[in-house]
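Presented below is the structure to which this report refers.
Owing to the predicted nature of the structure, the values given are computational and were not obtained by experimental measurement. Every heavy atom of this structure was used, including side-chain atoms; hydrogens, water molecules and symmetry mates were not.
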Amino acid sequence: MHPSALQQRDDPTEQFLKLISNPFSSAFQVNAIWASLATSAGFSILLALLFSLFRPRHSVVYAPKVKHADNKHSPPPVGRGFFAWLKPVLRTKEPALVDCIGLDATMFIRFTKMCRNIFIFLSIIGCGLMIPLNLTQSTGDTVSQYGAFSTMTVLYVTSDAIWGQVICAWAFDIIVAFFLWRNYKGVLALRRKYFESPEYQRSLHARTLMITDIPPAARGDEGVLRLTDEVNPTAAVPRASIGRNVKGLPRLIKEHDETVRELEKVLAKYLKHPDRLPPKRPTMRPPRKEREEHPNGRVDAIDYLTDKIKRLEEEIKHVRSSIDRRNAMPFGFVSWDMIEHAHAVAYTARKKHPEGTTIVLAPRPDDLIWENLPLSKAARKWKRFLSAIWVSALTLVYVVPNGLIAIFLSNLNNLASVWPAFRTSMDNNPYIWAAVQGILSPAVTSLVYIVLPIIFRRLAIRAGDVTKTSRERHVLNKLYTFFVFNNLIVFSLFSAAWTFVSAVIDAERTDENAWQAIKDGKLYTKVVNALCQVSPFWVTYLLQRNLGATIDLVQLVSVFWFWFSKTFLSPTPRQAIEWTAPPAFEYASYYNYFLFYATVALCFATLQPIVLPVTALYFGLDAMMKKYMLLYVFVTKTESGGQFWRVLFNRMVFAVILSNIIIIIVATAKGTWTMVYCVIPPPILMLAFKFYCMRKFDDDITFYNRANLTDAEALAVSKPNKRASERLNSKFGHPALYKPLITPMVHAKAAEALKRIYRGRLGTFEGEGEYSDIAMDAMSSSHPGKSMMGDADTAAPFEVVPENHLDFSYYKNRPDFRDEFGGGIYGRPDDLMTERSHTPASALGEWSPTSSRASSPAPSLPSSLSGLKPHDTYDPTLNEHIHPAFRVPAPMSGGFYQQQNESETELLHHAQGPAASETVTPLDRWRTRGYGPVDQDDPSFTSYEHYRMAR
């Protein structure tokens with residue numbers, strides 16, 4: 001025999017190859033499983049007890065929704081007792097959950113409970129059948145020789161015992177399919193109740209369709225109506241709104257917000273100790289494109305950022321004033337008075353594309369990703385292709401570091417065996433390197449898990465997703481694919497794959513037949529052996545997940561970060577306020593974890609049955625913990641109405657099919673061909689089950705009604721309602737047209753110091769300093785958002801926040817905070833169709849800073865609109881109060897519309913002003929306000945103060 005090429009290498013290389021071929025031989029033993037169980041259970045119980053102790057004393061962290069949510073979304077009351085939090089978690093049922101936390105969160109809890117129930121039943125069959133069968137059918141005295149955990153696997157069983165694998169394949173598929181079917185019916189019932197809910201029945205998006213890829217000839221209200229006529233089975237004529245080109249407004253507003261936040265950080269750091277200001281003012285380097293304007297390289301940060309904010313505001317004002325209805329985009333919205341009409345049209349259009357357009361039910365306005373709506377089909381396909389390339393490259397590139405982490409980072413002794421210098425360092429500093437090993441491996445893995453969703457989310461946006469919901473679903477798909485490929489398949493089969501790579505290398509070096517070497521290596525047997533050898537790792541991994549769930553409950557990471565930031569950093573008032581807001585729940589990440597754990601458990605269910613009760617325990621505990629957190633801590637930032645279900649269903653079907661493939665490999669390696677043939681039908685039947693459920697339930701889940709309208713419903717015709725048209729134009733108009741600009745916040749303790757660091761007067765009275773266009777007022781303690789002076793003429797560009805107002809409760813109704821933290825739980829949804837919401841005031845998103853309650857009434861009608869009734873005829877004077885991009889043209893005969901020439905109108909100067917009953921506050925000066933008629937002869941017309949007042 002020729003000497004093996006692997007044996008001819010030097011010692012470190014040979015040791016490296018041995019570690020690759022069997023990385024788990026020394027790292028994962030039976031003792032590791034018991035140690036993992038002890039540490040996981042011990043720390044989980046300890047953290048749960050600490051949570052029960054500190055929960056009633058720190059409601060800002062552990063129950064923020066109790067303080068901030070309105071009456072409808074307020075969670076059930078919870079006592080201050082040690083285990084009082086368990087009572088509402090156990091007793092709050094699904095109907096109450098839908099009203100309290102929304103359908104998305106309710107669906108998450110339902111999915112978690114479904115996984116718990118699935119693995120309880122699988123544990124009974126798997127452990128009750130496979131463990132006794134494998135122990136009794138193993139050859140020889142394997143228990144004493146290899147241990148009980150190894151004997152539980154199929155490594156040493158006879159071929160007859162593989163029939164147990166075949167039986168489990170059928171039994172597991174039936175159990176999983178039953179629970180999926182049962183929950184599909186449950187999801188359908190939830191969706192039907194959601195359709196009948198008052199919130200959905202009164203919402204605008206429920207009766208609105210979104211049309212994309214509109215050809216140039218049809219980009220107008222009349223063209224959009226003609227497109228819907230081709231698929232409209234009703235006699236109702238809808239209202240149409242074509243998208244408008246907002247030019248560079250979103251980019252300017254984003255840059256403005258970033259600049260304001262940057263200025264806040266500079267001021268917070270510089271004014272951290274107002275009585276001991278640093279001797280030098282803060283400086284910064286301007287962007288590269290502005291370096292020529294600043295030859296010294298660095299500029300005064302406060303002056304530069306303040307001037308930049310002024311410049312951006314003037315530019316935003318100029319761009320907003322140049323937008324009119326003539327510059328149409330290839331997307332639009334169509335709305336009916338009856339939900340039945342809109343859904344009937346959407347159902348009819350689901351497989352039709354009039355003139356190449358796509359007609360679907362409109363999402364909520366806050367769910368839209370506006371920058372992707374104008375993309376053409378070709379551009380969207382190209383972006384999706386590039387995104388797929390990037391995701392595939394990232395998934396494949398991570399194979400190498402993933403393997404190295406598994407071999408070396410999880411056990412530094414492996415690294416020392418191939419690196420003599422590192423061995424010396426380990427021997428000299430054993431305790432230091434032991435601490436590094438305990439921290440580095442989970443830290444690197446956790447960092448990857450944190451960064452991956454961010455990367456995939458940005459790739460999804462670049463891929464052209466038009467809604468945040470579809471973006472999150474695609475992020476979930478990519479994360480799941482990445483985890484299953486890298487963290488399950490590659491990680492588990494690494495040793496088997498390397499064994500065959502080594503065989504091919506040896507065969508080529510010794511001039512033997514490479515294919516013959518692969519066949520002699522018994523591929524299927526090597527794969528089964530590798531899976532059985534790695535199975536203890538997955539048992540310990542899932543045991544550690546129980547500890548991870550408890551860490552989520554205690555929120556150790558968040559609590560530590562907030563403490564560290566407040567103690568050692570200089571947080572801005574805005575950051576301090578945001579820390580007290582209920583955080584958003586990351587559905588894509590948590591769903592991915594649950595799907596991944598379920599996939600791992602299903603794949604190893606027959607190879608190492610002990611994994612099943614471990615997984616059932618995890619889902620049982622996390623079902624309670626996540627239910628508490630969704631009730632009292634987390635909010636849903638963008639409610640989708642339960643649209644994650646089909647993604648979850650498909651991934652569970654895939655996980656079952658993957659587990660069937662593993663059983664087929666086991667039957668091929670250790671059984672007979674008859675066994676293989678008996679396992680082939682289950683994956684085929686699972687695919688048939690998927691298509692059955694899709695045809696049976698999907699249409700009823702998606703549409704309020706299909707094409708089965710009654711004659712009365714189909715022939716119902718509504719009267720023209722111009723205010724409804726205004727509402728559609730406003731609600732589904734680009735938010736950049738009316739989005740309020742944020743105001744720099746400074747702490748009240750720094751107010752006096754801020755006056756000193758500016759050149760000129762910061763006060764609002766004469767005699768406080770020389771003239772300056774910078775003014776500053778303190779907020780009223782009784783009316784958050786109002787000046788101490790209460791006069792619009794004393795408005796200020798800085799919002800001074802007292803220490804006792806660094807709380808989200810004072811700002812939860814403001815657009816700059818509300819939209820980022822699940823605004824729906826604090827009051828009326830943005831697109832709710834109430835009588836007041838018909839007015840342009842609410843349509844343009846006016847906000848009254850005097851309202852600090854969870855649910856505040858909408859602003860009263862201005863005097864020019866107070867006498868209107870729901871079906872008043874067209875009044876051209878109404879257009880004077882609407883942004884030009886939202887104005888409704890005068891009607892033509894036949895119910896269609898004509899475009900107006902607005903090139904000479906004062907576009908933004910006639911938008912609606914505040915109601916007579918409202919008090920204009922200083923805070924409004926940096927926010928969207930009324931635009932009264934402008935006297936261009938006024939010398940202040942071109943000044944910065946004019947633009948600040950009319951924004």
* Asked: Hey, which of Thr92, Ile825, Thr636, Leu630 is the one that makes side chain to side chain contact (heavy atoms under 4.5 Å, CB included) with Ile101?
  -> Leu630

* Name the one of Asn486, Leu479, Val484 that satisfies side chain to side chain contact (heavy atoms under 4.5 Å, CB included) with Phe482? -> Asn486

* Shortest non-hydrogen contact from Leu375 toward Arg380 -> O-NH2, 3.3 Å

* Asked: Can you name the nearest heavy-atom pair linking Val633 to Ala63, along with the distance?
  -> CG2-N, 4.5 Å

Ion pair present between [X] and [Y], side-chain N to carboxylate O less than 4.0 angstrom?
X	Y	answer
Arg471	Glu371	no
Glu578	Arg261	yes
Glu586	Arg457	yes
Arg814	Asp816	yes
Lys739	Asp257	yes

Does [Y] offer a backbone N or O that forms a donor-acceptor pair with the side chain of [X] under 3.5 Å?
X	Y	answer
Tyr618	Gln544	no
Tyr587	Ala105	yes
Arg545	Thr615	no

* To do: Report yes if some heavy atom in the side chain of His205 is under 4.5 Å from a heavy atom in the side chain of Tyr200; otherwise report no.
  => yes

* Matching residue for Tyr590 among Phe585, Tyr597, Phe644, Phe596 - test: ring pair (Phe, Tyr, Trp, His ring centres under 6.0 Å) -> Phe585

* Asked: For the rings on Trp85 and Tyr632, is their centre-to-centre separation under 6.0 Å?
  -> no

